[in-house]
Amino acid sequence: MESSVRELACEARLNLQRLPDYMDSITDRLQSFEADASHDGQRIDFRFAFGGASFDMERLVMRANAADRDGLARIKDLLATAVQVYARDENPEIVWTGDLSSETSLAQFREMTVTDVRDLTAHMRRIRFAGEDLSRFAKFGGMHIRMLFPTKDVPDPLWPVLGASGLPVWPADDRRPVARVYTIRSLDVTKGIIDVDFLVHPGESVGSTWVMQATPGMRLGIMGPVGRPVRQAGWYVMGADETGLPALARMLETLPAATKGVAFVEIADEGEKQAIDNATGIELHWLTRDGVPAGEDNRLANAVRSVTWPQGGSGFGWFAAEAAAAKVVREYWRGTLSLGRDETLAAAYWRRGAAGLMAG
Ligand SMILES: Cc1cc2nc3c(=O)[nH]c(=O)nc-3n(C[C@H](O)[C@H](O)[C@H](O)COP(=O)(O)OP(=O)(O)OC[C@H]3O[C@@H](n4cnc5c(N)ncnc54)[C@H](O)[C@@H]3O)c2cc1C
């Protein structure tokens, strides 16, 4: 008899009065994670590279299927997050039934141990972490992780587990670690290591404070990967300050050699320049603040706005820096140049005076 590998599948009922009203936003969000959407009567089907999903408006149910547990966990997480975001007025209760629904270990979580600490520059510190089975962090096109830090108040945190909704559940509020978002600068799945480049910045903080004290043997948690895949394009305009530099450098090292474009990186001073093994034809320019505090200088946004885009729609704009600069660039690309959401990503990586942006 022929043996065939059975797909994993599960579903969750959606007791929502206004499900059809949310579907445009849910579809938009899932498409930004590279899902293809198709309509079939009262059902919308989504196809990801790693599995499928559907929303049935008549039966009020959502379904997920995938070939493996990582894929199924990812789709459950994407669907549950979309429903929680767009249907939050109806306070949705999501309970998955079917394959793996009794699991409590969180597929996207790993405990990691520091194995090496190295200063790249006076303000950029590279930390190497070792952990088990990191293959999922090379999947799904997400470059970032939520790092879960022990703090002075919670030195011995309890790590999250998987809830019935497919989303993380925190065992005890008073033992909850503090989350911050960082980029996987590089990843070696075979050796079980990831490198993260941390900017050591002034002010009271969680991530930066932890990094200043980091020594081999220290532990923290990571969840991910998070973030949308960056669109493939033949030409890019890129802009980043020190917080976006790890992602920009990773892209320059991994995009195809034929890729063209221009990239600007804002740093405090000449001493913050670092070697990047640029494998592409993208021209890299460093902009120094020379005494102007981070988040107060507008030359990065100005440089990115001065670039002429190629005719013909094969370009992509990528920007990651302080929130005010990201807003200026987003408004220019989307408003002034009328570029689409699928052609640009201008993200706030931190906000002056605000702690923990985007980590929730
Ligand atoms: C998708 C994504 C990827 C990111 N990747 C990286 C990365 O690889 N490396 C990295 O270093 N950062 C990265 N960041 C930025 C990082 O998450 C923030 O800088 C975060 O605020 C750092 O947390 P913290 O605990 O050190 O400071 P917080 O506790 O969040 O903030 C404390 C104070 O420090 C200020 N502050 C925060 N960041 C800066 C800064 N860059 N310069 C000056 N003041 C600051 C805040 O405004 C606040 O006043 C990324 C952010 C996102 C959204």
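Note that ligands are numbered from 1 as they come in the structure, with each ligand's atoms numbered from 1 the same way.
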Nearest-0.5 Å distance, [atom1] of residue [X] to [atom2] of residue [Y]:
X: Leu16; Y: Leu14; atom1: CG; atom2: CG; result: 5.0 Å
X: Ile267; Y: Glu270; atom1: CD1; atom2: CD; result: 6.0 Å
X: Arg341; Y: Arg334; atom1: CZ; atom2: CZ; result: 7.0 Å
X: Trp96; Y: Leu167; atom1: CH2; atom2: CG; result: 9.5 Å

Residue-level breakdown please: for [X] versus ligand 1, do any non-hydrogen atoms fall below 4.0 Å on the side chain, on the backbone, on both, or on neither?
X: Glu322; answer: neither
X: Arg352; answer: backbone
X: Asp197; answer: backbone
X: Ala320; answer: neither
X: Ser208; answer: both

Atoms in ligand 1 flagged as close to [X], the criterion being non-hydrogen separation under 4.0 Å:
X: Val206; value: 24 (P), 25 (O), 29 (O)
X: Arg351; value: 46 (C), 47 (O)
X: Gly356; value: 28 (P), 30 (O)
X: Gly353; value: 47 (O), 49 (O)
X: Phe198; value: 11 (O)
X: Glu204; value: 32 (C), 33 (C)
X: His144; value: 1 (C), 3 (C)

(message) Please confirm whether Gly207 approaches ligand 1 to less than 4.0 Å, judged on its heavy atoms.
(response) yes
(request) Take every heavy atom of Glu242, measure it against each atom of ligand 1, and state whether any distance is under 4.0 Å. (result) no
(request) Answer yes if the side chains of Ser32 and Arg228 hold a donor-acceptor pair under 3.5 Å, and no otherwise. (result) yes
(request) Answer yes if the side chains of Thr209 and Ser205 hold a donor-acceptor pair under 3.5 Å, and no otherwise. (result) yes
(message) For the 3.5 Å polar cut-off, considering only N or O atoms, please tell me whether Leu199 and ligand 1 meet it.
(response) yes
(message) When you compare ligand 1 with Pro246, is there at least one nitrogen or oxygen pair between them that comes in under 3.5 angstrom?
(response) no
(request) Report yes or no: do Ile94 and Leu30 belong to one cluster of Ile/Leu/Val/Met/Phe/Trp/Tyr joined by side chain heavy-atom distances under 4.5 Å? (result) yes
Report yes if the side chains of [X] and [Y] come closer than 4.5 Å at any heavy-atom pair, otherwise no.
X: His144; Y: Tyr349; result: yes
X: Val117; Y: Thr215; result: no
X: Leu148; Y: Phe109; result: yes

(message) Tell me the nearest of Arg228, Met147, Arg146, Arg180 to atom 29 (O) of ligand 1, using heavy-atom distances.
(response) Arg180
(request) Measure from atom 22 (C) of ligand 1 to every heavy atom in Tyr182, Phe149, Tyr349, Trp210 and give the option owning the shortest one. (result) Tyr182
(request) Answer yes when Arg289 and Glu242 have at least one side-chain N-carboxylate O distance shorter than 4.0 Å, and no when they do not. (result) yes
